[in-house]
Amino acid sequence: MGNKEGVLPWEAVGRRRRVSDEVRTLSATDGALPIEKIHHHFVLNTLWRETSAIQQVSVTLDVETAHPQLEVSEDRKRVRWTGTWRSLPDTGKRFTGWACVLGSEGFTSGRHYWEVEVAGSRGWILGVAAESVERKGGVSLTPETGVWSIRRWDDVFDAFTSPPSRLPARPIPGRLGVYLSYESGTVSFCDADTKSHLHTFTGNKFTEKLYPFFGPCDQHQWLRICSGSAPGV
């Protein structure tokens with residue numbers, strides 16, 4: 001991925017069968033105990049109550065960070081992978097290793113929630129990335145490298161832990177909700193249609209600005225940010 005021949009953008013996707021034996025299966029509650037007493041019931045109840053009480057963050061895409069094989073819509077609410085390498089200024093902000101893009105707005109405190117329409121796309125990686133994340137090389141997308149994300153490819157869902165963690169089989173979401181609680185050090189994901197929990201990264205101590213992270217994997221299929229009307233709380 002990331003080369004000029006237009007191969008699939010996620011190197012891990014091409015190796016998913018080879019690494020499947022290394023992927024451990026998580027229960028619905030494994031690793032889902034945030035510091036702020038959002039325990040197992042967070043999985044089914046508390047997360048949705050909190051995110052419902054918070055107006056969605058109005059996220060737009062930062063085109064200066066977009067990989068050359070990505071196309072960002074004029075309103076900066078949609079992104080897709082084209083497979084074609086465009087000639088763009090290689091700024092310090094632009095990703096050239098992974099085919100991804102960051103949101104324009106970063107967060108250094110508070111609780112923030114946004115949703116992404118993923119219906120129709122068979123492959124994506126979504127989450128949160130630190131400002132210092134490596135942008136020029138194909139490093140692993142893990143909390144250790146400054147990325148908290150989950151991936152869908154076909155019917156397989158993984159959380160990018162070390163090693164990757166296979167998430168339980170479930171209906172494929174049409175909209176994915178991402179919830180960042182900065183002070184609590186948690187990043188959570190839910191199916192925004194069924195209001196069901198998918199995964200939570202816990203035990204983090206955030207010290208720098210964090211940005212929404214988007215990685216479309218299915219060629220020509222758009223990921224669309226569902227508009228929010230107000231900043232997070």
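Heads up: numbering here begins at 1 and tracks the sequence. All values reported here derive from a predicted model rather than from experimental measurement.
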Step-by-step side chain to side chain contact (heavy atoms under 4.5 Å, CB included) determination, Leu180 to Tyr113: CA-CA 6 Å; Leu180 165 66; Tyr113 176 74; over 6 Å; no
Phe214 and Leu126: CA distance, side-chain angles, deciding distance, side chain to side chain contact (heavy atoms under 4.5 Å, CB included) verdict: CA-CA 5 Å; Phe214 305 85; Leu126 294 168; 3.6 Å; yes
Audit row: Ile225, Thr60, side chain to side chain contact (heavy atoms under 4.5 Å, CB included) steps and yes/no: CA-CA 8 Å; Ile225 302 169; Thr60 56; 5.8 Å; no
Side chain to side chain contact (heavy atoms under 4.5 Å, CB included) evaluation trace for Arg166 with Val156: CA-CA 8 Å; Arg166 179 69 48 81; Val156 176; 3.2 Å; yes
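With a 6.0 Å radius and a threshold of 12 heavy atoms from other residues, nucleotides or ligands, Glu144 has its CD atom above the threshold.
Atom-to-atom distance recorded for Gln69:CD and Thr96:OG1 is 11.0 Å, nearest 0.5 angstrom. Separation of atoms CZ (Arg122) and CH2 (Trp153) is listed at 4.0 Å; rounding is to 0.5 Å. Put simply, OG on Ser73 and CD on Glu71 are 8.0 Å apart, with the number rounded to the nearest 0.5 Å. One distance of note links CG of Leu70 with CZ of Arg86; it measures 7.5 Å at 0.5 Å rounding. In this structure, CH2 in Trp124 is found 9.5 Å from SG in Cys217, a value given to the nearest 0.5 Å. How far CG of Asp193 is from CG of Leu176: 10.0 Å, rounded to the nearest 0.5 Å.
Side-chain contact between Arg94 and Lys136: present, with at least one pair of heavy atoms (C-beta onward) separated by less than 4.5 Å. Side-chain atoms of Thr142 and Trp148, non-hydrogen and from C-beta on, never get closer than 4.5 Å to each other. In this structure, Gln221 and Pro216 have side chains that are not in contact, with every pair of non-hydrogen atoms separated by 4.5 Å or more.
Judged by distance alone, with hydrogens and angles left aside, the side-chain atoms of Lys93 form no donor-acceptor pair with the main-chain N or O of Val63 at under 3.5 Å. The main-chain N or O of Gly123 is found under 3.5 Å from a side-chain atom of Ser121 such that the two form a donor-acceptor pair. Side chain of Arg78 to main chain of Val72: no donor-acceptor pair is present (N/O by atom type, distance under 3.5 Å, no hydrogens or angles). Proximity of a side-chain donor or acceptor of Asp158 to a complementary backbone N or O of Phe160 within less than 3.5 Å is not detected. Checking side-chain atoms of Asp62 against main-chain N and O of Glu64 turns up a donor-acceptor pair under 3.5 Å.
At a cut-off of 3.5 Å, with distance as the only test, no side-chain donor of Thr145 or Glu134 sits close to an acceptor on the other residue. Under 3.5 Å, the side chains of Thr186 and Ser188 contain no donor-acceptor pair of N or O atoms. Side chains of Gln219 and Thr82: no donor on one and acceptor on the other come within 3.5 Å. Ser132 and Glu208 share a donor-acceptor pair across their side chains, judged by distance under 3.5 Å alone. Residues Asp218 and Trp81 have side chains that never bring a donor and an acceptor to within less than 3.5 angstrom of each other. Using modelled atom types and a 3.5 Å distance limit, the side chains of Ser104 and Arg76 yield a donor-acceptor pair.
In this structure, the ring of Phe189 has its center no less than 6.0 angstrom from the ring center of His199. Between Tyr182 and Phe206, a ring centre-to-centre spacing shorter than 6.0 Å is recorded. Here the two rings, on Trp85 and His67, have centers that are under 6.0 Å apart. Here the two rings, on Trp98 and Phe213, have centers that are 6.0 Å apart or farther.
Between Arg170 and Asp191, none of the side-chain N atoms (NZ, or NE/NH1/NH2) sits under 4.0 Å from a carboxylate O, so this pair counts as no salt bridge. Using a cut-off of 4.0 Å between Lys/Arg side-chain N and Asp/Glu carboxylate O, Glu131 and Lys209 are scored as not salt-bridged. Between Glu117 and Arg175 there is no salt bridge, since no side-chain nitrogen of the basic residue lies less than 4.0 Å from a carboxylate oxygen of the acidic one.
Put simply, Trp222 and Leu61 are part of two different groups of oily side chains (I, L, V, M, F, W, Y) that touch within less than 4.5 Å, one to the next.
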